[in-house]
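Everything quoted here is computed from the prediction, not taken from an experiment. By convention in this document, chain letters (A, B, ...) are assigned in the order of the sequence lines, proteins followed by strands, and residues within each chain are numbered from 1.
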Amino acid sequence: MINQEVADLLYEMADILELKGVEWKPRAYRKAAQGIENLSEDLYAIYKKQGRKGLQNIPGVGEAIAKHIEEYLLKGKVKKFEQLKKSVPKGLSNLMEITSLGAKKTFVLYKKLGIRNLSDLKEAIKRHKIAKLAGFGIKSEQNISRGLEIFKKGQERTLLSDALPIAERIIFKLKKLKEIRRVSFAGSLRRMKETIGDVDVLVTSSKPKQVMDFFTRLAEVKRVVAKGTTKSTVILRNGMQCDVRVLKDEEYGAALQYFTGSKEHNIKLRELAIKKGYKLSEYGLFKGKKRIACRTEDEIYKKLGLQIMAPELRTNTGELEAAKKGKLPHLIELKDIKGDLQMHSKYSDGVDTIAKMAEEAAKLGYDYIAITDHSKTRAIAHGLDEKRLRKQWKEIDALNKKLKSQNKERRIRILKGSEVDILADGTLDYSDKILRKLEVVIAAVHSGYKSSKRKMTDRICKALENKYVHILAHPTGRIINRRPAYELDLNAVFEVAKEKKKILEVDAFPDRLDLKDTHVRAAIEKGIKISIDTDAHSYTHLPYMVYGVAQARRGWAEKKDVVNCLSLKELLRVLRR
DNA sequence: GCCGTTTTCGGCCCGACTGTTTTCAGTCG
């Protein structure tokens, strides 16, 4: 994507300018980069339609940066940026990623000790050269050394589904302390981001010291990084960082708002407060010295003339502008979900019987599920050939008959489905004769992940042309922390999906969460419907729906955008179309 | 470099903690 290329270039320039001690420009470059990342339209398209003026309409892009973008679009590079890159060693800005090293210190290390990269830094630490520098000391050197170790381990982010239970356990323990009034997690965890950098916990108490002593001595804590009366940071035994803030109970609303973020959202919100003659901090919304709002988050948003908004929306990607106009979406909720359209049984690579899956799904209050075992080519997952598929149909028919005679509360309908492989040439793993008999056909790519963008795009688009395909499963194929998305022109896929009225999946499995939030938003803007499915391989996976719903919420999805919010009757009508 | 319901010039989010200094700069979220 050209947009990401340009944004990355601007971020890189911001880093270099910051290293050189240039004021304000880095901030401007980063803002422009963010503005570009948030676009749903292609930079080329904007430039073609409206020229440089169009580029200047992008938030954060002014005359100068618009010229640079124009140059990049036309020539593939920017002369000024090339010169800037040459002025510092390549990779020096990477050192800023290390905790406790920022632009200033990194540049001092470069100027005084000639440190240009990670190995130079390691060598300097070994010889204790850093501790001798003015403004540094033994502690600084130790902190940099630790930061370097953590950096080398890689900054793999923790899955939401892994972080949430740990955070809940810590909160459970804190709740038992009588000095604590209220406690909540905040940060990216509360925003339900797909991965979590660190766990943020907010506590209200009038005895902050006791709280901090208790917290830093928890069994989960491996090392204390910082400890103050209002703010402490520790490293947990599993390697995650955990920050705790202690505030007064009456500051809870302002504190929760502040500590939930995102950072970008907060900055924008504070700017908005200033424009209205207020000041916003974690201690409240102030007019002069007078605190005018702080008890609840809603109070703060309302005072600023905004609609109240769910944490999932707080990313500074247009939610504040929408809130001002009263145009925030009515986000889908877990209770709106009426069924789950992708799951596996013992027939292929699932561990439970169809009956068990149906029974557990009924307990979740669903009206229907689709059993979508793998097709024959997925031999490794015991994919079903036509014969076994027919056998499965018989079993489903028998189960449905039995379920129909049961009491109404527990009645659930099992739909005959399949997760059909999209073969390398874009044809499907079953003949049309079989496909037309399936009630839910989910097409999926499970091979050739390394093929070219063109080839993968053609392959998927061709599969979507098949009139029996209903849903495209996990459209980008990524697995978080393990496998990147395959090369794919998602816009082209969206176009076909829109034209052929195909449904795109939000796979709720915690390491997939595919489509991503930004993709969901783009798809919905085009009027494409989505389906939030767990891809469960065991009945214990069925509750993963909550992660898929969170993902869709971050993509501004409403109930009307999601096909498995439809009643069984309505859903069948859509599928048969 | 960007931006304007205080401004076309002069601002640019706000506060906590640490380490190295003796009053504060750098870093972080």
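- Residue Ile65(A) is classed as a sugar-phosphate contact, given heavy-atom separations below 4.0 Å to backbone atoms only.
- The backbone N or O of Tyr258(A) lies less than 3.5 Å from a partner atom in the side chain of Asn266(A), making a donor-acceptor pair.
- Across all strands, Leu101(A) comes closer than 4.0 Å only to sugar-phosphate atoms, never to a base (heavy-atom distances).
- Side-chain proximity of Ser281(A) to the nucleotides dG29(B), dG15(B), dT18(B) is greatest for dG15(B).
- Look at dT8(B): it lacks any Watson-Crick or wobble partner with both distances under 3.5 angstrom.
- Comparing Gly277(A) and Thr99(A) along DNA chain B, the residue whose closest nucleotide (by nearest heavy atom) sits nearer the 5' end is Gly277(A).
- Distance, Glu271(A) CD to dT5(B) P: 13 Å, rounded to whole Å.
- What separates CD of Gln241(A) from C1' of dC17(B) is a distance of 13 Å, to the nearest Å.
- The interatomic distance linking Lys275(A) (NZ) with dG4(B) (P) rounds to 6 Å, in whole Å.
- Comparing the P positions of dG11(B) and dA16(B) gives an interatomic distance of 24 Å, to the nearest angstrom.
- For the pair Lys279(A) and Phe286(A), the distance from NZ or CZ to the six-membered ring centre is under 6.0 Å and the angle to the ring normal is within 45 degrees.
- Using a 4.0 Å heavy-atom distance criterion, Lys279(A) is classed as a sugar-phosphate-only contact.
- Using a 4.0 Å heavy-atom distance criterion, Glu23(A) is classed as making no nucleic acid contact.
- For the pair Thr204(A) (side chain) and Arg182(A) (backbone), a donor-acceptor distance under 3.5 Å is present.
- Note on Ile98(A): only backbone sugar-phosphate atoms sit closer than 4.0 angstrom, heavy atoms only; bases stay farther off.
- Separation of the P atoms belonging to dG26(B) and dT20(B) is 14 Å when rounded to the nearest angstrom.
- A distance of about 27 Å separates the P atoms of dC12(B) and dT18(B), rounded to the whole Å.
- At least one side-chain nitrogen or oxygen of Ser140(A) sits closer than 4.0 Å to the OP1 or OP2 atom of dT20(B).
- No salt bridge links Arg478(A) with Asp511(A); every basic N to acidic carboxylate O contact stays at or beyond 4.0 Å.
- Ion pair Glu297(A)/Lys302(A) not flagged as a salt bridge, since none of the NZ, NE, NH1 or NH2 atoms sits closer than 4.0 Å to an Asp/Glu carboxylate oxygen.
- With respect to the salt-bridge test (charged N to carboxylate O, under 4.0 angstrom), the residues Glu271(A) and Lys31(A) qualify.
- Across the protein-nucleic acid pair, Lys104(A) atom NZ and dG26(B) atom P stand 4 Å apart, rounded to whole Å.
- The nearest heavy atom of DNA chain B to Ala66(A) and to Lys105(A) marks one nucleotide each, and the one closer to the 5' end goes with Ala66(A).
- The same atom, C1', is picked in dC13(B) and in dC28(B); the two are 14 Å apart, to the nearest Å.
- Contact annotation: Ser100(A) side-chain N/O to dT18(B) OP1/OP2 distance is not under 4.0 Å.
- Only the P atoms considered, dT21(B) is 28 Å distant from dG15(B), to the nearest whole Å.
- Comparing dT8(B) with dC3(B), their C1' atoms sit 9 Å apart, to the nearest whole Å.
- When the C1' atom of dC17(B) is taken as reference, atom CG of Asp243(A) falls 11 Å away, rounded to whole Å.
- Among dT6(B), dG29(B), dG19(B), the nucleotide with an atom closest to any side-chain atom of Lys139(A) is dG19(B).
- When heavy atoms are screened at a 4.0 angstrom cut-off, Tyr283(A) is found touching the sugar-phosphate backbone but no base atom.
- At dT18(B), none of the side-chain N or O atoms of Asn143(A) fall inside 4.0 Å of OP1 or OP2 (strictly under the cut-off).
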